[in-house]
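Worksheet: one structure, shown below.
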Amino acid sequence: MCGIVAYTGCKEAYPILIKGLKRLEYRGYDSAGVSLAQNGTLSTYKQKGSVDQLDEFCMSKDRSGKTGIGHTRWATHGEPSTTNAHPHLSSDGRISIIHNGIIENYVYLREELTKRGYQFQSETDTEVLAHLIEDIYKNEGCSLEEAVRIALKNVVGAYALAILSADEPDQLILAKKGSPLLIGIGNNEYFIGSDGSPIVEYTRKVVYLEDGDVAVVSPQKGLTIKNIDDETTKRPYLQKLELNLEQLEKGGFEHFMLKEIFEQPRAIKDSMRGRLNVKKDIVELGGIREYEQKMLNARRIIIVACGTSWHAGTVGEYLFESIVRIPVEVEYASEFRYRNPLIYEDDIVIAISQSGETADTIAAVELAKSKGATVIGICNVVSSTLARITHAGSYTHAGPEIGVASTKAFTAQVTVLTLMALSLGRKKGTIPLSEYHKIISHLELIPQQVEETLKLNDDIKAIAKFFVEKRNAIYLGRGINFPVALEGALKLKEISYIHAEGYPSAEMKHGPIALIDEEMPVVVLATEQDTYEKTVSNIDEVISRKGRIISIVTKGDSVVKNKSTYCIEIPETLEILTPLLSCVPLQLLAYHVAVLRGCNVDKPRNLAKSVSVE
Ligand code: F6R
């Protein structure tokens, strides 16, 4: 949510900033802007819209300067516009600031600064910081770095900040609380990013700033890090950036989303690598080994997550309850954190997040930790906030997910949850050995079966035509495929803007059936064996109200297939593993519908990847 890039060194900053902004655009694409330090002044260029629009606008401008900052915005305070675009300037135009996060007490600060004569150009919360820092810098006679630290003591909220000043044009000041910020260390040069994507082609040596850090970087003076409240200098902790450049490219696919859907066999395999060995009869997640006993003794497990990760968590509920026989509660992180939940010291909280930066999930984790619970993370982005604040955890090795709609992260999360449940169930003795062996040998086949499912791409593209003019859709699933129905509906609505709802199949009679008519496509997941007849009855109920069935069935099915307007057959697996296959056609369906409707698949309106604000 908002992308930050900055550079200081011996190269021209502009090309580095623009390239970085293009990589970060998935974090927000309402507007973009840059500031460059040039001969004792700052030049700031901003545009509503994409980074390409900004780049085009800058073509006729002076783009020189060896220190600069750039920002791509997901609007929170103030509509998407050039005026509200970052960077924001101090009133004398000598301090420029970019920000990711939310300044919660900005109304108060704005009032106070207005009383002191400052005039505001934008509706943003960020602009108060530019004036506040300027006010302290001018009146306290301190260095800019000190002014930043004093200012931040008066700020309530979350931020990653990069600050450029005309007075010290070879230096950047950076600060972090709640939102991510990395410093890439080159040869007398520094590359700053909200994530590693704008940094990786220049250096792999990075420092992840911690909450409360204020850093100063300059080619002459190097890097120093202090705490907002504490003058003492902290030793930077150098880490290796784990990211490949190819992973950040589309690799011949039209969209990142399609590429990521097609990467799922590899992503699932990588999430199982070194953790599942069927021949040696091993299911082991090294990252949680130390806490496994605690997990086995837990009275209950609480899963916290948002969006697609919450859907994966809901699949996890079915997995854990059936395999480990521990009660599981799946909570929206945003609800959990604000309702004074009952959390006990022997609770295990599993937090799931692709980005590892989702503000509500992070806050839920902090809350659970403060009550003494053990928190296990499942996340995709290495060294993200979630990875750093949880007691232990397992990475999903899905690789960078750039498409705003989450796809491969979901299947990788479900894979890790399945492994976790199997490992615990085996140790707890809650799963018969024969059943355990059956599941692991079927699990091993999943990447290959996803590959097979992806071959249905052209058939699904043809089915997508049926949805193009529709305004609504219903997704039905039962048991472990109910969360998949929710996920399928979310995928369709977020990228094609067709209203879609997911329901447990049997719930349809309790209300949603009133919506069924000849215009309503009803996508039914009908792969489960135990309740197959019930699902067939639900399908009949839809058909008798003239609804049109698009079914996902197990290969060889004829009963549901014959009742369906369109039918997608997926390979046979155990019911407990079907989400890993059944979600794939739903991702492809949403993708093709959105493309046919002319929607911007990778950058759906109003959305951004990594929701690092509440
Ligand atoms: C939907 C989607 C979102 C995210 C949600 C949580 O396609 O991408 O619903 O799943 O914002 O994000 P993470 O997993 O990064 O915490």
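Bear in mind that the values here come from a model prediction, so they are computed numbers and not experimental data.
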Self-check item: Set of salt bridge (Lys or Arg N to Asp or Glu O under 4.0 Å) partners for Glu501, sequence neighbours left out
Solution: none

Self-check item: For Arg23, salt bridge (Lys or Arg N to Asp or Glu O under 4.0 Å) partners two or more places apart
Solution: Glu201, Glu249

For [X], does the [atom1] atom sit with more than 12 other heavy atoms under 6.0 Å from it, leaving out its own atoms?
{"X": "Lys11", "atom1": "NZ", "result": "yes"}
{"X": "Arg337", "atom1": "CZ", "result": "yes"}
{"X": "Glu56", "atom1": "CD", "result": "no"}
{"X": "Lys493", "atom1": "NZ", "result": "yes"}
{"X": "Lys465", "atom1": "NZ", "result": "no"}
{"X": "Lys461", "atom1": "NZ", "result": "no"}

What about [X] and [Y], are their ring centers closer than 6.0 Å?
{"X": "His311", "Y": "Phe410", "value": "no"}
{"X": "Phe262", "Y": "Phe253", "value": "yes"}
{"X": "Tyr566", "Y": "Phe466", "value": "yes"}

Would you mind checking if [Y] and [X] are paired as a salt bridge, meaning a charged N to carboxylate O distance below 4.0 Å?
{"X": "Arg27", "Y": "Asp195", "answer": "yes"}
{"X": "Glu12", "Y": "Arg63", "answer": "no"}
{"X": "Lys259", "Y": "Glu263", "answer": "yes"}
{"X": "Glu451", "Y": "Lys455", "answer": "no"}
{"X": "Asp30", "Y": "Lys48", "answer": "no"}
{"X": "Glu401", "Y": "Lys408", "answer": "no"}

Taking all heavy atoms of [X] and all of [Y], pick out the closest pair and write down the distance.
{"X": "Gly33", "Y": "Leu21", "result": "O-CD1, 4.0 Å"}
{"X": "Ala37", "Y": "Leu164", "result": "N-CD2, 3.9 Å"}
{"X": "Gln264", "Y": "Thr411", "result": "OE1-OG1, 2.7 Å"}
{"X": "Ser271", "Y": "Val416", "result": "CB-CG2, 4.3 Å"}
{"X": "Asp125", "Y": "Val128", "result": "O-CG2, 3.0 Å"}
{"X": "Ala387", "Y": "Tyr395", "result": "CB-OH, 3.2 Å"}

Cut-off 3.5 Å, side chains only: do [X] and [Y] have a donor facing an acceptor?
{"X": "Glu127", "Y": "Ser122", "result": "yes"}
{"X": "Asp602", "Y": "His255", "result": "no"}
{"X": "Gln413", "Y": "Ser309", "result": "yes"}
{"X": "Thr527", "Y": "Asn481", "result": "yes"}
{"X": "Asp62", "Y": "Tyr45", "result": "no"}
{"X": "Ser406", "Y": "Gln354", "result": "no"}
{"X": "Glu487", "Y": "Thr308", "result": "yes"}

Student check: side-chain heavy atoms of [X] and [Y] closer than 4.5 Å:
{"X": "Ile460", "Y": "Ile568", "answer": "yes"}
{"X": "Tyr159", "Y": "Lys176", "answer": "no"}
{"X": "Val593", "Y": "Ile498", "answer": "yes"}
{"X": "Val484", "Y": "Leu586", "answer": "yes"}
{"X": "Glu123", "Y": "His77", "answer": "no"}

In Å and rounded to the nearest 0.5 Å, what is the [atom1] to [atom2] distance from [X] to [Y]?
{"X": "Thr67", "Y": "Tyr7", "atom1": "OG1", "atom2": "OH", "result": "8.0 Å"}
{"X": "Leu181", "Y": "Ile192", "atom1": "CG", "atom2": "CD1", "result": "7.5 Å"}
{"X": "Glu469", "Y": "Leu596", "atom1": "CD", "atom2": "CG", "result": "10.0 Å"}
{"X": "Gln53", "Y": "Lys46", "atom1": "CD", "atom2": "NZ", "result": "15.5 Å"}
{"X": "Ser64", "Y": "Gln38", "atom1": "OG", "atom2": "CD", "result": "4.0 Å"}
{"X": "Tyr318", "Y": "Ile480", "atom1": "OH", "atom2": "CD1", "result": "8.0 Å"}

Self-check item: Worked check of side chain to side chain donor-acceptor pair (under 3.5 Å) between Glu25 and Thr72
Solution: CA-CA 6 Å; Glu25 208 169 13; Thr72 175; 5.1 Å; no

Using modelled atom types and a 3.5 Å cut-off, is there a donor and acceptor pairing between side-chain atoms of [X] and backbone atoms of [Y]?
{"X": "Lys491", "Y": "Gln587", "value": "no"}
{"X": "Arg597", "Y": "Val468", "value": "yes"}
{"X": "Glu335", "Y": "Tyr332", "value": "no"}
{"X": "Tyr29", "Y": "Pro604", "value": "yes"}
{"X": "Ser81", "Y": "Asn84", "value": "yes"}
{"X": "Asn244", "Y": "Glu246", "value": "no"}
{"X": "Asn100", "Y": "Ala160", "value": "no"}
{"X": "His99", "Y": "Pro87", "value": "no"}
{"X": "Thr314", "Y": "Trp310", "value": "yes"}
{"X": "Arg471", "Y": "Met520", "value": "no"}

Practice problem: May I have the step-by-step check of side-chain contact (heavy atoms from CB on, under 4.5 Å) for Tyr202 and Ile16, ending in yes or no? | Solution: CA-CA 10 Å; Tyr202 309 107; Ile16 296 169; 3.8 Å; yes

Quiz prompt | Worked verdict on His397 versus Arg273 for side-chain contact (heavy atoms from CB on, under 4.5 Å) | solution = CA-CA 9 Å; His397 296 291; Arg273 196 183 307 282; over 6 Å; no

Quiz prompt | Residue pair Tyr497, Asn606: steps toward the side chain to side chain donor-acceptor pair (under 3.5 Å) verdict | solution = CA-CA 11 Å; Tyr497 319 136; Asn606 306 338; over 6 Å; no

Practice problem: For the residue pair His71 and His86, categorise the inter-ring angle as parallel (less than 30°), tilted (30 to 60°) or perpendicular (more than 60°). | Solution: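 The arrangement is parallel - the two ring planes meet at less than 30°.
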
Self-check item: Derivation and outcome, side-chain contact (heavy atoms from CB on, under 4.5 Å), residues Thr124 and His88
Solution: CA-CA 9 Å; Thr124 65; His88 291 285; 3.4 Å; yes

Quiz item: Phe120 ring centre to Arg110 NZ or CZ under 6.0 Å, with the angle to the axis within 45°?
Solution: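 Yes, a cation-pi geometry holds between Arg110 and Phe120.
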
